[in-house]
Amino acid sequence: QAIILPGLERGAWVLCDRFTDSSLAYQGHARGLPWKKVEALNALATNGREPDLVVWLDIDPEKGLRSAKDPNRFEAEGVAFQSLVRAGFRKAMKRRPKNWLKIKAHSQPAEVMAESLAITLLKKFTR
């Protein structure tokens with residue numbers, strides 16, 4: 001809140017690598033916590049704020065795990081867990097589909113980033 005709120009109040013774009021939909025995908029869907037409770041905790045933690053746009057870089061879990069450069073505890077959970085997370089993001093996307101931009105992350109990182117930025121800017125300025 002010390003960074004996000006002041007940025008929003010200034011009218012700046014605030015980019016986060018994870019936000020409430022990640023909680024829904026990881027904790028609500030993959031870990032099996034009650035979806036509605038995770039939604040309620042998210043709303044409490046963010047004062048009900050929702051992102052204007054969610055950019056989801058979707059990748060097949062097996063391919064993503066093979067290309068992981070800095071494995072962490074989530075990668076250690078394996079393909080089955082990552083498949084649940086992916087399904088959780090699909091479920092989260094259904095809540096506000098017009099706020100989501102799903103990009104297939106099948107290319108090199110620089111190409112995916114360029115495509116994401118171009119589409120994001122196009123969506124932002126053509127609304």
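Quick note: residue numbers are just sequence positions, from 1.
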d(Glu75 CD, Ser67 OG) to nearest 0.5 Å is 9.0 Å
**Connected via hydrophobic side-chain network under 4.5 Å: Phe74 and Trp56** = yes
Show your working on side chain to side chain contact (heavy atoms under 4.5 Å, CB included) between Thr46 and Thr20 and close with a plain yes or no. CA-CA 8 Å; Thr46 64; Thr20 54; 3.7 Å; yes
Applying ring pair (Phe, Tyr, Trp, His ring centres under 6.0 Å) to Phe19 and not counting sequence neighbours gives none
(message) Are the side chains of Asp58 and Ile103 in contact, using a 4.5 Å heavy-atom criterion?
(response) no
Excluding Leu33, membership of its hydrophobic cluster (Ile, Leu, Val, Met, Phe, Trp, Tyr; side-chain heavy atoms within less than 4.5 Å) reads Leu24, Trp35, Val38
Smallest heavy-atom separation, Ser22 atom then Gln27 atom, equals O-OE1, 4.1 Å
The complete set of salt bridge (charged side-chain N to carboxylate O under 4.0 Å, His left out) pairs with one or both residues in residues 17-36, sequence neighbours excluded, reads Asp21-Arg95, Asp21-Arg96, Arg31-Glu77, Lys36-Glu39
Hits for side chain to side chain contact (heavy atoms under 4.5 Å, CB included) against Val14, two or more places apart or cross-chain, chain-then-number order -> Ile4, Leu8, Cys16
Is there a path of hydrophobic side-chain contacts, each under 4.5 Å between heavy atoms, that joins Leu84 and Leu57?
no
Would the distance check show the side chain of Asp60 and the main-chain N or O of Glu62 forming a donor-acceptor pair, the cut-off being under 3.5 Å?
yes
Between Lys63 and Arg66, is any pair of side-chain heavy atoms under 4.5 Å apart? yes
| said: Walk me through whether Lys94 and Trp100 qualify under side chain to side chain contact (heavy atoms under 4.5 Å, CB included). | reply: CA-CA 9 Å; Lys94 290 178 182 175; Trp100 279 66; over 6 Å; no
Q.
Counting C-beta onward and ignoring hydrogens, is there a side-chain heavy-atom pair between Gln82 and Leu65 closer than 4.5 Å?
A. yes
Heavy-atom nearest pair, Gly88 first then Ala25, reads C-CB, 3.7 Å
Residues at least two apart in sequence or cross-chain that pass ring pair (Phe, Tyr, Trp, His ring centres under 6.0 Å) with Phe81, listed by chain then number, are none
Query - Heavy-atom side-chain contact between Asn42 and Leu44 under 4.5 Å - result: no
Taken in chain and number order and not counting sequence neighbours, the residues that satisfy salt bridge (charged side-chain N to carboxylate O under 4.0 Å, His left out) with Lys37 are none
